[in-house]
Amino acid sequence: MRYYFELRKDKINQNGLIPLRLVIANGRYKIRKNLGIKTMLNDWNNDLQIITNFKQNPFYQDYENYNEIINKEKKKLDKISAFFKYNEIAFTETLFNEKYNDDRDIKVTIGFFDAYDEYIKVSKLTKTKGTITKYGTVKNFLIAFEKYMKFELRLDNIDFQFEEAFMDYCFNTRQTLK
């Protein structure tokens with residue numbers, strides 16, 4: 001996935017300000033987003049993809065705000081790109097727009113409980129009702145462990161140390177063998 005900002009020279013206004021548009025390209029997909037940002041042609045630095053600003057500029061304050069928006073967009077797009085890359089998910093316009101329009105912080109990895117819920121959902125097709133109930137009980141147990149230990153459970157941190165801490169919680173704190 002690549003992205004860049006382009007000037008809409010066909011939409012120049014009376015003051016000489018040109019709207020800026022975000023373009024996201026990935027394979028056969030090309031997505032365009034209007035950002036509500038305008039700049040003078042000479043103030044746009046295409047190499048750095050930022051508006052050149054100086055205090056004497058009549059649009060100084062607007063440019064400050066616009067550059068902030070541009071930087072936020074860049075960070076957001078980098079996270080979305082990482083999400084696709086690290087989760088080895090094929091890029092689609094629908095999924096991109098879902099992530100882009102979501103106001104919550106974009107997580108690069110799929111959350112543990114999101115994956116666990118998906119597992120329970122898929123298991124309903126092949127497992128008995130009692131087994132699904134047990135999966136729900138285990139989930140509640142893991143949530144309690146997470147709160148008690150102040151430990152964020154993620155797919156990437158389930159390791160030997162997690163196993164030791166979880167067994168200690170199960171056997172000593174919750175005393176599940178009694």
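Computed from a prediction, not measured in an experiment: that's the story for all the values here.
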| message | Run the side chain to side chain contact (heavy atoms under 4.5 Å, CB included) test on Asn34 and Arg8 for me, step by step, so that the C-alpha distance in whole Å, both residues' side-chain angles and the decisive distance to 0.1 Å come before the verdict. | response | CA-CA 10 Å; Asn34 293 318; Arg8 299 282 315 269; 4.0 Å; yes
| said: Is there a path of hydrophobic side-chain contacts, each under 4.5 Å between heavy atoms of I/L/V/M/F/W/Y residues, joining Tyr4 to Phe96? | reply: no
| message | Any heavy-atom pair between the side chains of Phe91 and Lys85 that's under 4.5 Å? | response | no
| Note, Glu98 side chain near Asp102 side chain (heavy atom, < 4.5 Å) | no
| Counting N and O atoms only, with roles assigned by atom type, does the side chain of Asn45 sit under 3.5 Å from a partner on the main chain of Thr52, one being a donor and the other an acceptor? | no
| How many angstroms lie between NZ in Lys79 and CG in Leu77, if you round to the nearest 0.5 Å? | 11.5 Å
| request: State, yes or no, whether a side-chain contact exists between Glu152 and Phe112 at a heavy-atom distance under 4.5 Å. | output: no
| query | Does a side-chain N-to-carboxylate-O contact under 4.0 Å join Asp117 and Lys139? | reply | yes
| query | Does CD in Glu164 sit with more than 12 non-hydrogen atoms of other residues, nucleotides or ligands closer than 6.0 Å? | reply | yes
| Aromatic plane relationship, Phe151 with Phe162 - under 30° parallel, 30 to 60° tilted, over 60° perpendicular | parallel
| task | Quick one: pull up CG in Asp10 and CG in Leu7 and give me the separation to the nearest 0.5 Å. | result | 10.5 Å
| field | Residue pair Leu41 / Lys9, side-chain heavy-atom distance below 4.5 Å | value | yes
| field | Side chain proximity check, Leu20 to Tyr66, heavy atoms < 4.5 angstrom | value | no
| Does atom CZ of Phe113 have more than 12 heavy-atom neighbours from other groups under 6.0 Å away? | yes
| request: Hey, could you give me the CD1/CZ distance between Ile24 and Arg32, rounded to the nearest 0.5 Å? | output: 9.5 Å
| request: Would you sort out whether Phe141 and Tyr169 count as a ring-ring contact (aromatic ring centres under 6.0 Å, His included), showing the intermediate values? | output: CA-CA 10 Å; Phe141 205 85; Tyr169 172 76; 5.7 Å; yes
| request: Given side chain to side chain contact (heavy atoms under 4.5 Å, CB included), test Met167 with Glu163 step by step and report yes or no. | output: CA-CA 6 Å; Met167 287 192 324; Glu163 181 185 6; 4.2 Å; yes
| query | If we only count heavy atoms from C-beta on, is the Ile70 to Lys74 side-chain gap below 4.5 Å? | reply | yes
| query | Going by atom types alone, do Asn46 and Trp44 pair a side-chain donor with an acceptor below 3.5 Å? | reply | yes
| Name of the residue among Asp78, Ile31, Asn26, Ile80 meeting side-chain contact (heavy atoms from CB on, under 4.5 Å) with Tyr3 | Asp78
| field | Student check: side-chain heavy atoms of Thr128 and Thr133 closer than 4.5 Å | value | no
| task | Cation-pi check, Lys76 to Tyr100: give yes when NZ or CZ is under 6.0 Å from the six-membered ring centre and within 45° of the ring axis, no otherwise. | result | yes
| said: Would Lys99 and Phe83 count as a cation-pi pair here, with the cationic atom under 6.0 angstrom from the ring centre and within 45° of the axis? | reply: yes
| query | Are any side-chain N or O atoms of Asp159 and backbone N or O atoms of Gln161, one a donor and one an acceptor, separated by less than 3.5 Å? | reply | yes
| Nearest 0.5 Å, what's the CZ-OH distance between Phe54 and Tyr63? | 8.0 Å
| query | Are Lys124 and Lys129 close enough that some pair of their side-chain heavy atoms sits under 4.5 Å apart? | reply | no
| request: On the 0 to 90° scale, with breaks at 30° and 60°, tag the Tyr135-Tyr119 ring pair as parallel, tilted or perpendicular. | output: tilted
| request: Return yes if some donor-acceptor pair links the side-chain N/O of Asn13 with the main-chain N/O of Ile18 below 3.5 Å, else return no. | output: no
| field | Leu142 CG to Lys147 NZ distance, which is reported to the nearest 0.5 Å | value | 12.5 Å
| Intermediate values then yes/no, side chain to side chain contact (heavy atoms under 4.5 Å, CB included), Val23 and Lys30 | CA-CA 7 Å; Val23 179; Lys30 199 166 211 177; 3.8 Å; yes
| Taking everything shown except Phe160 itself, do over 12 heavy atoms lie less than 6.0 Å from its CZ? | no
| said: When you measure from the side chain of Asn157 to the backbone of Arg154, do you find a donor-acceptor pair of N or O atoms at a distance under 3.5 Å? | reply: yes
| Between Glu146 and Leu153, is there a donor-acceptor pair closer than 3.5 Å when you use the side chain of the first and the backbone of the second? | yes
| query | What closest approach, in Å, do Lys11 and Pro19 show between heavy atoms, and which atom pair accounts for it? | reply | O-CD, 3.4 Å
| said: Just by distance, no angles: are the side chains of Asp43 and Asn53 close enough, under 3.5 Å, to form a donor-acceptor pair? | reply: no
| query | Under the side chain to side chain contact (heavy atoms under 4.5 Å, CB included) criterion, do Phe59 and Met40 qualify, and how do the steps go? | reply | CA-CA 9 Å; Phe59 304 108; Met40 299 292 283; 4.0 Å; yes
| query | Taking atom types as modelled and ignoring hydrogens, do the side chains of Asn101 and Asn97 form a donor-acceptor contact shorter than 3.5 angstrom? | reply | no
| Interatomic distance, Leu22 atom CG to Ile37 atom CD1 [nearest 0.5 angstrom] | 9.0 Å
| request: Answer yes or no: is there a donor N or O on one side and an acceptor on the other, between the side chain of Thr39 and the main chain of Ile51, under 3.5 Å? | output: no
| query | What heavy-atom pair brings Leu35 and Phe5 nearest, and what distance separates the two atoms? | reply | CD1-CE2, 3.5 Å
